[in-house]
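Below, chains carry the letters A, B, ... as their sequence lines are ordered, and counting in each starts from 1. The shown structure was predicted, so the numbers you read here are calculated from the model rather than taken from an experiment.
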Protein chains: 2
Amino acid sequence: MTGRPTVPTAEPGESVLRRAADAGLRLTRARRAVVAALEACTGPTTAADLAERLADVPISSLYRSLAVLVDAGVVARVHETEGIARFELAEAVAGHHHHLVCRSCGTVIDVRPTPSADDTVAGIVEAEAARHGFTATGHHVDIEGVCAACRTP
Amino acid sequence: MTGRPTVPTAEPGESVLRRAADAGLRLTRARRAVVAALEACTGPTTAADLAERLADVPISSLYRSLAVLVDAGVVARVHETEGIARFELAEAVAGHHHHLVCRSCGTVIDVRPTPSADDTVAGIVEAEAARHGFTATGHHVDIEGVCAACRTP
DNA sequence: CCGTAGAATGAGAACGAATCTCAGTTGGGG
DNA sequence: CCCCAACTGAGATTCGTTCTCATTCTACGG
């Protein structure tokens with residue numbers, strides 16, 4: 001099975017931290033702040049952007065918190081471009097989604113495919129993987145385009 | 001139109017360099033070597049890997065050649081993970097394809113979707129883009145899984 | 001409610017991929 | 001064949017990210 005884990009669990013907030021705790025992590029101020037900041041984003045976010053929103057979290061702490069949360073499976077490091085990493089809540093927490101990337105301004109936003117659309121994609125993906133001896137465990141779809149704001153200046 | 005530009009143009013070799021020349025680039029030894037090395041790969045390749053294969057091309061020259069070829073539209077910088085960029089021939093030259101990423105050994109290989117499968121994906125992708133005010137210009141599908149070699153040790 | 005073990009923090013140093021600089025070299029149009 | 005702008009090469013530099021280590025805090029047992 002490749003796609004869509006479960007539907008958007010009402011308010012992630014709680015469950016994210018609970019998962020982190022279950023993974024044996026302490027729920028420190030920095031980690032709560034990082035999770036809260038990620039929840040407030042509409043798409044994968046750079047460490048620099050997070051650092052700006054979390055002015056009181058030192059950069060070394062921010063990166064360590066992100067690394068630990070990635071290890072715990074509640075945050076994902078995705079969509080690196082131009083040598084800059086972006087972070088988002090993991091699909092296990094935020095639900096499966098695709099990314100719309102504006103080739104002009106670089107913004108990335110999440111889009112949630114309809115269940116039937118994603119079933120179709122998952123089926124295709126699994127067939128391709130199988131044809132090459134792979135066992136598929138997931139897929140990522142990045143849609144490149146131009147956003148409304150950049151198209152009409 | 002989102003996907004699959006044209007079918008695998010017989011032997012890329014020539015056409016890649018011609019495109020580069022058409023874009024106003026000089027066909028220097030370093031650039032020929034980089035293109036040849038990329039053609040020999042089965043998937044996106046790191047600069048370090050290329051440097052190893054092209055021992056006589058200094059690292060600064062390698063990166064510059066790659067940057068220039070990316071600008072010319074014949075090479076694509078894709079699939080960065082852990083802060084390391086990977087390069088491959090652009091889809092305009094190599095044809096549209098998806099990526100199979102082994103989560104165990106990290107290898108990335110290209111897979112060419114069947115025309116009908118990719119039409120389906122392109123349609124879904126376009127609908128999603130349109131729903132969010134984007135004009136889609138392309139899509140990338142990364143399939144995460146475990147390769148045959150890693151599954152049976 | 002308090003003490004404590006050990007996990008987590010914070011400031012800065014260190015690391016490494018990628019880019020830049022600049023003097024010397026070379027491709028290819030004229 | 002000549003010339004000059006494009007390109008190269010070695011090394012310095014940048015900057016995102018990770019590491020180090022003394023200090024602080026969390027969460028658990030008493």
Just to confirm, is there a sub-4.0 Å distance from OP1 or OP2 of D:dT18 to any side-chain nitrogen or oxygen of A:Tyr63?
no

Minimum-distance nucleotide (side-chain atoms of A:Ala47 versus D:dG9, D:dT17, C:dG10)
D:dT17

Rounded to whole Å, how long is the line connecting atom CD1 of A:Ile84 with atom P of D:dT14?
17 Å

Closest to the A:Ser60 side chain, choosing from D:dC19, C:dT9, D:dG16:
D:dC19

Answer yes or no: does a side-chain N or O of B:Arg64 lie under 4.0 Å from OP1 or OP2 of C:dT19?
no

Send over the distance from A:Ile59 CD1 to C:dG10 P, rounded to a whole Å.
12 Å

Nearest-angstrom distance from the residue atom CG of B:Leu66 to P of C:dA17:
15 Å

In whole Å, what is the span from the CG atom of B:Leu50 to the P atom of C:dA18?
11 Å

Atom pair SG (A:Cys41) and CZ (A:Arg53), whose distance is rounded to the nearest 0.5 Å
4.0 Å

Quick check for you: to the nearest 0.5 Å, what is the distance between A:Thr135 atom OG1 and B:Ile143 atom CD1?
12.0 Å

Give A:Ser61 one of three labels, base, sugar-phosphate or nothing, depending on what nucleic acid heavy atoms sit under 4.0 Å from its own.
sugar-phosphate

Please state how far atom CD in B:Glu52 lies from atom P in C:dA17, giving the value in whole angstrom units.
13 Å

Short side-chain donor-acceptor distance under 3.5 Å, A:His99 and A:Glu88:
yes

Hey, does B:Ala30 reach any base, or is it just sugar-phosphate, or nothing, if we go heavy atoms under 4.0 Å?
sugar-phosphate

Nearest whole angstrom, please: distance from the P of C:dC20 to the CD of A:Glu82.
12 Å

Rounded to whole angstrom units, what separation is found between the CG atom of A:Leu62 and the P atom of D:dG16?
13 Å

How close or far is atom C1' of C:dT9 from atom CG of A:Leu69, stated in whole angstroms?
14 Å

Write down the atom of B:His139, the atom of B:His98, and the distance for their closest heavy-atom approach.
NE2-NE2, 3.9 Å

Closest contact, heavy atoms only, A:Arg86 versus A:Pro44
NH1-O, 2.9 Å

Base, backbone or nothing for each nucleotide of nucleotides 24-30 of chain C, written B, S, -, heavy atoms under 4.0 angstrom, 5' to 3'?
--BBS--

Rounded to the nearest 0.5 Å, the CG atom of B:Leu50 sits from the OH atom of B:Tyr63 at a distance of 9.5 Å

Starting at CG of A:Leu27, measure out to CZ of A:Arg18 and round the result to the nearest 0.5 Å.
10.5 Å

Whichever of B:Gly83 and B:Arg31 has the more 5' nearest nucleotide on DNA chain D, that residue is B:Arg31

